[in-house]
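Worksheet: the structure to be examined is printed underneath.
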Amino acid sequence: MITGAEARPVVNHEGYLPIEDHGLIGDGSTCALVGRDGAITWLCLPEFDSPPFLAGILDADSGGRFEIATVHTLASSQRYTEDSCVLVTSLVSDRGVLQVTDGLTLRANAGSTAQNQR
């Protein structure tokens, strides 16, 4: 079952979505921010403290983003599938609804430190 809020208009300010319009997905070693506009705008690889691979949340022009979206998005919503960290973004356009599902597979030994592995 999918749970979440109703669709509402996507409003960005000078190319930026408000932080509350993002969902978080992670794999135990890193995480990504997924906007209600269908874009991943923050991702560090391979670890949380690695340099950002995508940083569009900081620089809309040259920070980088990966986006799957409709041409004319009228509204959108995000929700996590029940009891999981899988995020579903629903983008409503004048032609229908596009649902994009995002998630990261948990890595073996995610979150372990060299000290914990001794």
Side-chain angles (χ1 to χ4, degrees):
M1 176 177 199
I2 297 175
T3 60
E6 294 295 318
R8 55 190 168 86
V10 177
V11 179
N12 69 48
H13 306 281
E14 298 179 14
Y16 299 95
L17 286 177
I19 192 67
E20 65 265 15
D21 284 351
H22 291 81
L24 180 72
I25 58 173
D27 67 359
S29 294
T30 194
C31 64
L33 289 176
V34 182
R36 279 194 320 111
D37 59 357
I40 297 174
T41 55
W42 181 260
L43 174 61
C44 293
L45 291 174
E47 306 290 332
F48 288 107
D49 58 352
S50 299
F53 177 71
L54 299 172
I57 198 166
L58 300 178
D59 185 339
D61 294 326
S62 59
R65 61 192 282 129
F66 179 80
E67 182 176 8
I68 296 176
T70 60
V71 175
H72 300 289
T73 301
L74 303 173
S76 72
S77 65
Q78 284 186 320
R79 60 216 168 267
Y80 291 95
T81 58
E82 193 171 311
D83 297 326
S84 80
C85 293
V86 175
L87 182 66
V88 178
T89 304
S90 297
L91 301 153
V92 180
S93 78
D94 55 353
R95 309 255 331 202
V97 178
L98 169 67
Q99 287 193 325
V100 180
T101 303
D102 290 294
L104 293 172
T105 304
L106 290 176
R107 290 192 213 170
N109 299 323
S112 297
T113 62
Q115 192 173 40
N116 290 341
Q117 294 173 355
R118 290 184 192 158

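For the residue pair T30 and E47, no side-chain donor N or O sits within less than 3.5 Å of a side-chain acceptor on the partner. Judged purely by distance below 3.5 Å, without hydrogens or angles, the side chains of R36 and T73 never pair a donor atom with an acceptor atom.
In this structure the side chain of T81 reaches within 4.5 angstrom of the side chain of V88, judged on heavy atoms. Side chains of L91 and V97 form no contact here, defined as non-hydrogen atoms less than 4.5 Å apart.
The cluster map of Ile, Leu, Val, Met, Phe, Trp and Tyr, joined by side-chain heavy atoms under 4.5 Å apart, puts F48 and L106 in different clusters. Both V100 and I40 belong to a common hydrophobic cluster when Ile, Leu, Val, Met, Phe, Trp and Tyr are linked at side-chain heavy-atom distances under 4.5 angstrom.
Closest approach of A75 to A7, counting heavy atoms only: CB-CB, 4.0 Å. Taking both residues in full, the closest heavy atoms of Y16 and G56 are given as CE2-O, 3.7 Å, listed atom of the first, atom of the second, then distance. Pairing each heavy atom of I25 with each of G103, the nearest pair is CD1-N, 3.9 Å.
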Pair D59-R65, salt bridge (Lys or Arg N to Asp or Glu O under 4.0 Å): steps then yes or no: CA-CA 10 Å; D59 185 339; R65 61 192 282 129; over 6 Å; no
Test side-chain contact (heavy atoms from CB on, under 4.5 Å) on L33 and I19; report intermediate values, then the result. CA-CA 9 Å; L33 289 176; I19 192 67; 4.2 Å; yes
Stepwise side-chain contact (heavy atoms from CB on, under 4.5 Å) check, T41 with H22: CA-CA 9 Å; T41 55; H22 291 81; 3.5 Å; yes
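Heavy-atom neighbours of D94 CG from other residues, nucleotides or ligands within 6.0 Å: above the threshold of 12. Shown here is E14, whose CD atom has no more than 12 heavy atoms of other residues, nucleotides or ligands within 6.0 Å. For F66, the CZ atom is loosely surrounded, since the number of other residues' heavy atoms within 6.0 Å does not exceed 12.
Taking OG1 of T89 as the start and CG of D21 as the end, the distance is 11.0 Å to the nearest 0.5 Å.
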